[in-house]
Amino acid sequence: MKTKRLVILLSIFALIIMIVVLSSTVFSLSKVQVSFVEVPTNYSIADEQAIIDSGKFDYGTSIFLVNKSSHIDKIEAQFPNLMVVNIETIFPNKLMIQVVERQEFLALYNSGQSTYYVVDGDMKVLRVVDNASAVSNVAKCMVTQDLQNYEHGDFVALDNETTLLSQLCSAFWQCEYSEKELNSLVRSVYFDSVNNELIISTYCRFWFTIKNPYTRLPEKLYAGNDAVFGAQGVGEDFVGEILVYENAQNNSIDVNAILNGSN
């Protein structure tokens, strides 16, 4: 009985403390700030207040009751090219919005159409352009999914093809390529569903052909990249195909550098 009574008293005491804390003006939201995780290229200090305003924060409410996910959704809806990494609570009464610019990864298009949908690695549409010249140096990629209904800020639905492309972005990151760096190397990406091959054409005179890219993609991309740029690689002046495949006999990733024109 004494234990039960003690538990009840402690619960009442904790409830009183919680009510006091939540109602205290000390913990009432009074300030929101913005912090760019990386130095932005398209945004500046002048945009910070607009970013804060887009979150529609309820100043004066308890900092413990802030629905951060709701504010993140509002900010990203207003600024599609920004990703809110986190909203950090700074006691007693401040919030810090941590944002990063989304980076252009691929320019998706459908066969026979001139409209390009520039997406990041999450398949979020960052730009919609009407001709190839406006794409700039973003790697082009023809996909089978109908893109006509997508607009700036939409996420392209993840089917087998776009899921693979999203995984390719992650694989490039694991190979220490940023989106900007890979777009300096990669001209286009194409998934050959008939032969189950991912073909990555470069601005040099070689291209990667990755067999069965749905498995061990980061390893295969790393192996192909090393076969060109590694200490024993053929070098960026190589002319031909870098064929990457999984050796079923010993479970290894093998690479063949096939000189253009050789049998």
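Because the structure is predicted, anything quoted here is derived from the model rather than measured. Each residue takes its place number in the sequence, starting with 1.
Under the 4.5 angstrom side-chain criterion for Ile, Leu, Val, Met, Phe, Trp and Tyr, Tyr222 has no cluster partners at all. Through direct or relayed side-chain contacts under 4.5 Å between Ile, Leu, Val, Met, Phe, Trp and Tyr, Met83 connects to Val37, Val85, Val100.
To the nearest 0.5 angstrom, Glu246 atom CD is 8.0 Å from Glu219 atom CD. Taken from OG in Ser35 to CD1 in Ile87, the straight-line distance is 12.5 Å, to the nearest 0.5 Å. Distance check, rounded to the nearest 0.5 Å: SG of Cys141 to CD of Glu161 gives 6.5 Å. Taken from CG in Leu243 to CH2 in Trp207, the straight-line distance is 10.5 Å, to the nearest 0.5 Å. Going from atom CD1 of Ile63 over to atom OG of Ser30 covers 7.5 Å, rounded to the nearest 0.5 Å. In this structure, CG in Leu95 is found 5.5 Å from OG1 in Thr89, a value given to the nearest 0.5 Å.
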Q | Step-by-step side-chain contact (heavy atoms from CB on, under 4.5 Å) determination, Gln167 to Leu198 | A | CA-CA 12 Å; Gln167 292 171 350; Leu198 187 64; over 6 Å; no
Q. Hey, mind stepping through Leu221 and Gln174 against side-chain contact (heavy atoms from CB on, under 4.5 Å) and telling me if it holds?
A. CA-CA 9 Å; Leu221 184 63; Gln174 292 181 56; over 6 Å; no
Q.
If you apply the rule side-chain contact (heavy atoms from CB on, under 4.5 Å), what do you find for Tyr43 with Val34, and how did you get there?
A. CA-CA 12 Å; Tyr43 294 89; Val34 174; over 6 Å; no
Q.
Apply side-chain contact (heavy atoms from CB on, under 4.5 Å) to residues Val156 and Val143 and explain how you reach the verdict.
A. CA-CA 11 Å; Val156 176; Val143 295; over 6 Å; no
Q: Give the C-alpha distance, both sets of side-chain angles, the deciding distance and a yes or no for side-chain hydrogen bond (donor to acceptor under 3.5 Å, both in side chains) between Gln98 and Glu88.
A: CA-CA 7 Å; Gln98 298 173 340; Glu88 180 185 3; 3.2 Å; yes
(Q) Please evaluate residues Glu241 and Thr209 with respect to the criterion side-chain hydrogen bond (donor to acceptor under 3.5 Å, both in side chains), reporting the C-alpha separation (whole Å), side-chain torsions for both, the decisive distance (0.1 Å), and the verdict. (A) CA-CA 7 Å; Glu241 178 183 30; Thr209 300; 2.7 Å; yes
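Contact annotation: the side chain of Trp173 never approaches that of Leu182 to less than 4.5 Å [non-hydrogen atoms, C-beta and beyond]. Counting heavy atoms from C-beta outward, Phe208 and Thr202 have side chains that approach closer than 4.5 Å. With contacts defined as side-chain heavy-atom distances shorter than 4.5 Å, the pair Lys220/Thr215 qualifies. For the pair Asn160 and Tyr214, the minimum side-chain heavy-atom distance is below 4.5 Å. For the pair Phe206/Val228, a side-chain contact is recorded, criterion being any heavy-atom separation below 4.5 Å from C-beta on. The shortest side-chain heavy-atom distance between Phe191 and Leu168 does not fall under the 4.5 Å cut-off. The shortest side-chain heavy-atom distance between Asn260 and Arg205 does not fall under the 4.5 Å cut-off. Leu165 has its side chain within reach of Leu108: a pair of non-hydrogen atoms, C-beta onward, lies under 4.5 Å apart.
By the side chain to side chain donor-acceptor pair (under 3.5 Å) test, Ser201 pairs with no residue at all, sequence neighbours left out. Scored by the ring pair (Phe, Tyr, Trp, His ring centres under 6.0 Å) test, Phe172 finds Tyr177 as partners (sequence neighbours excluded). Residues passing the side chain to side chain donor-acceptor pair (under 3.5 Å) test with Asn195, sequence neighbours excluded: Asp192. Residues forming a ring pair (Phe, Tyr, Trp, His ring centres under 6.0 Å) with Phe155 (at least two apart in sequence, or on another chain): none. In this structure, the salt bridge (charged side-chain N to carboxylate O under 4.0 Å, His left out) partners of Arg127, at least two apart in sequence or on a different chain, are Glu104. Residues passing the salt bridge (charged side-chain N to carboxylate O under 4.0 Å, His left out) test with Lys68, sequence neighbours excluded: none. Taking Phe91 as the reference, Phe64 meet the ring pair (Phe, Tyr, Trp, His ring centres under 6.0 Å) condition, with sequence neighbours excluded.
Side-chain atoms of Asp146 come within 3.5 Å of backbone atoms of Gln148 as a donor-acceptor pair (strictly under, hydrogens ignored). The closest donor-acceptor contact from the side chain of Ser170 to the backbone of Ser166 lies at 3.5 Å or more, if one exists at all. Side-chain N or O atoms of Glu101 include one that pairs as donor or acceptor with a backbone N or O of Thr41 at under 3.5 Å.
Under a hydrophobic-cluster definition in which Ile, Leu, Val, Met, Phe, Trp and Tyr are linked whenever side-chain heavy atoms come within less than 4.5 Å, directly or via other members, Ile51 and Tyr59 are assigned to the same cluster. Under a hydrophobic clustering in which Ile, Leu, Val, Met, Phe, Trp and Tyr are joined whenever their side-chain heavy atoms come within less than 4.5 Å, directly or via other members, Leu126 and Tyr117 fall into different clusters. Val244 and Val239 fall into different hydrophobic clusters, where Ile, Leu, Val, Met, Phe, Trp and Tyr are joined by side-chain heavy atoms under 4.5 Å apart, directly or via other members. Note: the hydrophobic cluster containing Met142 does not contain Val119 (ILVMFWY, side chain heavy atoms under 4.5 Å, direct or indirect links). Tracing side-chain contacts under 4.5 Å through hydrophobic residues (I, L, V, M, F, W, Y), one never reaches Val135 starting from Ile200; they form parts of separate clusters.
Residues Tyr203 and Asn183 share a closest heavy-atom pair of CE1-O, 3.6 Å. Residues Phe105 and Asp120 share a closest heavy-atom pair of CB-C, 3.7 Å. Taking all atoms of both residues into account, the shortest heavy-atom contact from Cys204 to Glu236 is CB-O, 3.6 Å. Nearest heavy-atom pair across Pro80 and His152 is CB-NE2, 3.7 Å. Across every non-hydrogen atom of Gly224 and Val255, the tightest pair is N-CG2, 4.2 Å. The heavy-atom pair separating Leu158 from Thr162 by the smallest distance is CA-OG1, 3.2 Å.
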Identify all side-chain donor-acceptor contacts of residues 71-79 below 3.5 Å with residues at least two apart in sequence or on another chain.
{"unit_1": "His71", "atom_1": "ND1", "unit_2": "Gly55", "atom_2": "O", "d": "2.7"}
{"unit_1": "Glu76", "atom_1": "OE2", "unit_2": "Val84", "atom_2": "N", "d": "2.8"}

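For residues 132-141, the set of pairs meeting the side-chain hydrogen bond (donor to acceptor under 3.5 Å, both in side chains) definition, not counting sequence neighbours, comprises Asn131-Ser133. Sorted by first and then second residue, the side-chain hydrogen bond (donor to acceptor under 3.5 Å, both in side chains) pairs involving residues 105-115 (not counting sequence neighbours) form an empty list.
Atom CD of Glu38 is surrounded by 12 or fewer heavy atoms from other residues, nucleotides or ligands within 6.0 Å.
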